[in-house]
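Just below is one structure, and these are the notes that go with it.
Below, chains carry the letters A, B, ... as their sequence lines are ordered, and counting in each starts from 1. If you're wondering where the values come from, they're calculated on a predicted model, not measured in any experiment.
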There are 2 protein chains.
Amino acid sequence: MNNNNNNNNNSNSDSPLFGQIVAFTAAVHQVASDITKDVKSGTLTPVQYKILEYIAVSQPVTLSEISECMHMSMPNTSRELKKLTEKQLCAKVTDPADRRKQGITLSPAGEQMMGEAFLTIGRRFEERIMHLSDEERREIGLALELLQRKVFY
Amino acid sequence: MNNNNNNNNNSNSDSPLFGQIVAFTAAVHQVASDITKDVKSGTLTPVQYKILEYIAVSQPVTLSEISECMHMSMPNTSRELKKLTEKQLCAKVTDPADRRKQGITLSPAGEQMMGEAFLTIGRRFEERIMHLSDEERREIGLALELLQRKVFY
DNA sequence: CTCTTTACTTATCATTTGATAACAAAATCC
DNA sequence: GGATTTTGTTATCAAATGATAAGTAAAGAG
């Protein structure tokens with residue numbers, strides 16, 4: 001009865017791309033979540049793992065950068081980073097040029113942990129694209145480049 | 001030549017695609033997070049919003065489906081859904097064919113809330129791709145389709 | 001009809017995360 | 001040199017989320 005207008009409100013008829021992007025984004029999230037499932041050590045909280053991931057890719061980083069990029073407040077960032085440091089997974093080095101700033105890097109143990117995590121992720125990804133030919137991979141590379149440049153910048 | 005098709009176990013990131021995918025995935029997450037920032041009503045927790053989003057796209061859904069898809073336990077799913085129902089944002093309808101199951105849909109208020117959210121998201125997305133030509137959009141559509149079919153399935 | 005399984009609920013507790021106030025040290029501004 | 005801004009810390013509190021145990025009602029199996 002009051003089943004009013006049809007659902008499938010996935011779009012916005014302005015842009016047919018929009019619906020496609022929504023579905024695509026959901027798929028990317030889904031796959032990313034599948035592929036990274038259980039890679040993190042049990043002693044890490046999800047946020048802590050994310051932080052390590054970010055440090056691993058962007059090191060050295062400052063606390064403020066982590067804070068901004070991960071959308072968390074400085075106090076909370078500081079707290080989590082302290083825990084990571086206590087777990088010996090990362091190290092803070094005071095910038096000699098500006099001694100307020102701290103360059104944060106992974107410790108050797110942190111490097112190893114994240115190295116293993118990325119290896120697992122890489123293996124799972126390889127499985128997923130195992131069956132693809134060189135030509136297909138080339139196309140995928142181009143598609144990724146295109147989307148990143150024009151949409152996900 | 002070191003071609004794919006054989007499963008080389010020492011895989012990790014000798015696939016140049018892997019690094020590209022990592023960066024791409026990060027970019028997608030970043031943009032998605034930017035674009036959906038603050039679209040949710042202040043009365044919703046992040047998880048509750050995610051659930052509503054899922055219901056909106058997939059309704060009607062059962063509790064178990066939400067539970068599985070969102071990676072949360074049945075008790076917790078039940079709790080959050082109860083809160084959403086109390087907030088009048090969704091409705092449970094017992095399946096007459098199997099009265100254990102509950103089809104969950106958005107209530108009119110829920111439809112409206114999510115409709116507005118999607119509209120905002122759509123507008124922000126439009127801004128982002130505003131400057132693109134028809135030809136570019138067509139290419140993007142193709143790229144999305146390719147990636148979704150071959151990588152993010 | 002009893003036994004088991006499925007789908008979900010309720011209650012409870014621990015942990016994680018978010019938010020805010022108050023502080024400190026180094027750099028920068030004037 | 002004193003005020004201000006930047007960068008980070010510590011402490012505390014509230015809320016959100018996760019985990020688990022125990023229960024209910026309906027469906028299905030034998």
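- Between Thr45(B) and dT17(D) there is a side-chain polar atom (N or O) within less than 4.0 angstrom of OP1 or OP2.
- Under 4.0 Å is where a charged nitrogen must lie from a carboxylate oxygen, and between Lys83(A) and Glu80(A) at least one such pair does.
- A 4.5 Å side-chain heavy-atom check between Phe118(A) and Glu53(A) finds at least one atom pair inside the cut-off.
- The nearest heavy atom of DNA chain C to Leu44(A) and to Pro96(A) marks one nucleotide each, and the one closer to the 5' end goes with Leu44(A).
- The shortest distance between the side-chain N/O atoms of Arg99(A) and the OP1/OP2 oxygens of dA26(C) is below 4.0 Å.
- Within 4.0 Å of Thr62(B), counting heavy atoms only, lie sugar-phosphate atoms of the nucleic acid but no base atom.
- The two residues Lys150(B) and Ile140(A) come nearest to each other via the heavy atoms CB-CD1, 4.0 Å.
- Using a 4.0 Å heavy-atom cutoff across all strands shown, Asn76(B) reaches at least one base atom of the nucleic acid.
- For dT17(D), the OP1/OP2 oxygens have no side-chain nitrogen or oxygen of Lys83(B) closer than 4.0 Å.
- When the P atom of dC8(C) is taken as reference, atom CD1 of Ile51(B) falls 13 Å away, rounded to whole Å.
- With distances taken from any side-chain atom of Ser78(B) to the nucleotides dT20(D), dT10(C), dT7(D), the minimum falls on dT10(C).
- In this structure, Glu65(A) atom CD and dT6(D) atom C1' are separated by 14 Å, rounded to whole Å.
- One interatomic measurement links the two molecules: CD1 of Ile104(B) to P of dA7(C), which rounds to 13 Å at whole-angstrom precision.
- Residues Arg79(B) and Ser64(B) each lie close to DNA chain C; by heavy-atom proximity, the contact nearer the 5' end of the strand is made by Ser64(B).
- Remark: the backbone N or O of Met74(B) is not paired with any side-chain donor or acceptor of Ser78(B) at under 3.5 angstrom.
- Distances were taken from every side-chain heavy atom of Leu63(B) (C-beta onward) to each of dA7(C), dA16(D), dT9(C); the shortest belongs to dT9(C).
- The distance from atom CZ of Arg100(A) to atom P of dC29(C) is 10 Å, rounded to the nearest whole Å.
- Distance Glu80(B) CD to dT10(C) P: 14 Å, rounded to the nearest Å.
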query = Run the salt bridge (Lys or Arg N to Asp or Glu O under 4.0 Å) check on Arg123(B) and Glu127(B) step by step: do they pass?
reply = CA-CA 6 Å; Arg123(B) 271 197 301 269; Glu127(B) 276 176 44; over 6 Å; no
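- Following rounding to the nearest Å, Gln102(B) (CD) and dA27(D) (C1') show an atom-to-atom distance of 15 Å.
- One atom, CG of Asp98(A), and another, P of dA25(C), lie 16 Å apart when rounded to the nearest Å.
- Among the heavy atoms of the strands lying under 4.0 Å from Pro75(B) is at least one base atom, whether or not backbone atoms are also near.
- Counting to the nearest Å, the P atom of dT9(C) and the CD atom of Glu86(B) are 12 Å from each other.
- Taking only side-chain nitrogens and oxygens, Lys92(A) never comes nearer than 4.0 Å to OP1 or OP2 of dT7(D).
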